[in-house]
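To keep things clear, I will list the structure first and then write my remarks on it.
Just so it is clear: chains get the letters A, B, ... in the order the sequence lines come, proteins before strands, and each one is counted from 1.
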Amino acid sequence: MKKVNLVWLRNDLRIDDNSALYHAAQDKNCAVFALYFVCQKQWQEHWVGSNQQALIFAALSELKQQLRKLNIPLLILDAGHFSQVPELMQQVVTQLKVDDCYFNREILLNERERDKQVYNRLKDQVKFHSYNDQTLISPHKIVTKEQQGYKVFSDFARAVKSYLADYPLQNFSSPKAKEKSNFNFFDFTQLAEQQFVIDKASIIKKEHTVFSAPSLPEINEKKIHQQLERFCKSALSDYAEQRDYPAISGTSALSAALAVGSLSIKRCYTLAKQSVNERQSQTWINELIWRDFYRSVAWHFPHVVKGHAFNPVDKQLTWSNNTEHFAAWKNAQTGIPIIDAAITQLRQTGWMHNRLRMIVASYLTKNLWIDWREGERFFAEHLFDYDFASNNGGWQWCASVGTDAAPYFRVFNPASQQQKFDPDTSFIKQWLPALKAQPAKNIHKFETLSLPNYPSPQVNLKATRQQAIEAFKQAKG
DNA sequence: AGACCATTACA
DNA sequence: GTAATGGTC
């Protein structure tokens, strides 16, 4: 009887540089199966929107084909909710006579709880092998002298770099194809395998807006790697100069692939290092480390995963519940061109340039004084690249309630931001047809702009900025 | 990962 | 008038 290895896939829908898959497939004489649980109820609880859900289904469909070429069957089971996973896992393990189970560790609480349940239920039946694969370095390995999680990014980044200098990253190539016989080794019909049809119409619920459903980002691993190589070769050295201009394609645009795990973060790091010199790769590498940083924060300070801000000052703040203000922000009707253009980009493409994420977040929290959790949720529902730790960390940063957050008095002025980062207004005009005919000069002076088909600003920027700073001062006592 | 205001130093 | 500089929020 052949040994049977099971790879339990979760947030790592890829073949390249997948630690668990690589190790599971090492032994020549074993049969290897891959498994994925669809948990749409759980996703809804996690605010995962229809965009990212559709992307996950696309990634699964793609991965199933690729794994088939390696003679590794991918079982996709509908679990509905994490709570159903242990029972289903038990069935799979029994049915397939699994000896060893391989998986890459996750960082957030619900995921870890699910994994603990599975382990406790099956530890006597199956040998488990787990790997760190989601971050450059396991969160528990980067700690301060006091054995605590870092609260300041620059210190964290220094620690990461020095760790990587001592222990270089290991990348794992795609596993070699297994024997064909694996496919008819077991009787799959006994398992209620559910084939998921990638039917966007059934997944994407049309919203009552003027925005249409965006098309899916690239999810084929080969093409993603080409994209990464192209970026490293031709854009990485200019990244520091170009990344802040939304009209320029100066960023890698790989975030969606990273979010569902079609691309390995370790692969990004290694390739960036190889492609250009230290100075040229530094800025982008730091962005990769920000991703590790917010995962580290979520690991060491888990109250941020439960809806709380890192900084207790958040509890002293009373946010506005002005639903008209919030609705205008969500529908690109604020009357501030850079913000309405950014929201339109998000709604039409499922992606928003990072500079714009900061601008719209600052405006929502500081000028409209709306709870950052509302913005966090809106982003979750629309972004293909939605990632709890990065999104949560970013919103807390903008709202000045996070670790190493923007000081509370640092309020972005949307007027100077668009002046600086979209001087010729080409980005704004790309997304706001109503302003197409206006000269840039007028668009930058939007507070005095009066047009029949474009709204006037909702609030006074200067006054609301002042109020936000005052409210923080009061809250801090 | 900022902005504002006052003060200079110049046209 | 207006661009650069520095302290303050």
Exercise for the section: Answer yes if the ring centres of A/H46 and A/F388 are under 6.0 angstrom apart, and no otherwise. Expected result: no

Handout entry: Atom pair distance, as rounded to whole Å: CD in A/Q417 and C1' in B/dA3
Key = 10 Å

Handout entry: Under-4.0 Å side-chain N/O to phosphate OP1/OP2 contact, A/N413 with B/dC4
Key = yes

Practice task
Could you check how far CZ of A/F412 sits from P of B/dG2, rounded to whole Å?
Solution key: 4 Å

Exercise for the section: Measure from CZ on A/R410 to C1' on B/dA3 and round the result to the nearest Å. Expected result: 10 Å

Problem - A/E470 CD to C/dC9 C1', straight-line distance once rounded to whole Å - result: 11 Å

Practice task
Rounded off to whole Å, could you give me the CG-to-C1' distance for the A/L461 and B/dC4 pair?
Solution key: 14 Å

Practice task
Whole angstrom is fine here: how far is it from OH in A/Y408 over to C1' in C/dT8?
Solution key: 10 Å

Fill in the blank from the handout: Rounded to whole Å, CE of A/M358 lies from C1' of B/dA3 at a distance of 15 Å

Exercise for the section: Calculate, to the nearest 0.5 Å, the distance between atoms CD1 and CD belonging to A/I469 and A/Q474 respectively. Expected result: 13.0 Å

Handout entry: Distance below 4.0 Å between A/K462 side-chain N/O and B/dC5 OP1 or OP2
Key = yes

Exercise for the section: Report the relative orientation of the aromatic rings in A/F153 and A/F156; use parallel for angles under 30°, tilted for 30 to 60°, perpendicular for over 60°. Expected result: tilted

Practice task
Would you please confirm or rule out a distance under 4.0 Å between OP1 or OP2 of B/dG2 and any side-chain N or O of A/R355?
Solution key: yes

Handout entry: Touch class at under 4.0 angstrom, heavy-atom based, for A/R243 against every strand present
Key = sugar-phosphate

Exercise for the section: Please check if the side chain of A/E221 supplies one atom and the backbone of A/D16 the other of a donor-acceptor pair under 3.5 Å. Expected result: yes

Fill in the blank from the handout: Ranking C/dC9, B/dA3, B/dG2 by distance to the side chain of A/S416, first place goes to B/dA3

Practice task
Check every strand shown and say whether A/K366 touches a base, only sugar-phosphate, or nothing at a heavy-atom separation below 4.0 Å.
Solution key: nothing

Handout entry: Between B/dG2 (P) and A/F421 (CZ): distance, integer Å
Key = 6 Å

Practice task
Could you please spell out the steps behind the side chain to side chain contact (heavy atoms under 4.5 Å, CB included) verdict for A/W395 and A/L364?
Solution key: CA-CA 10 Å; A/W395 275 96; A/L364 184 74; 3.9 Å; yes

Exercise for the section: Using only side-chain N and O atoms of A/K420, determine if any of them is under 4.0 Å from OP1 or OP2 of B/dG2. Expected result: no

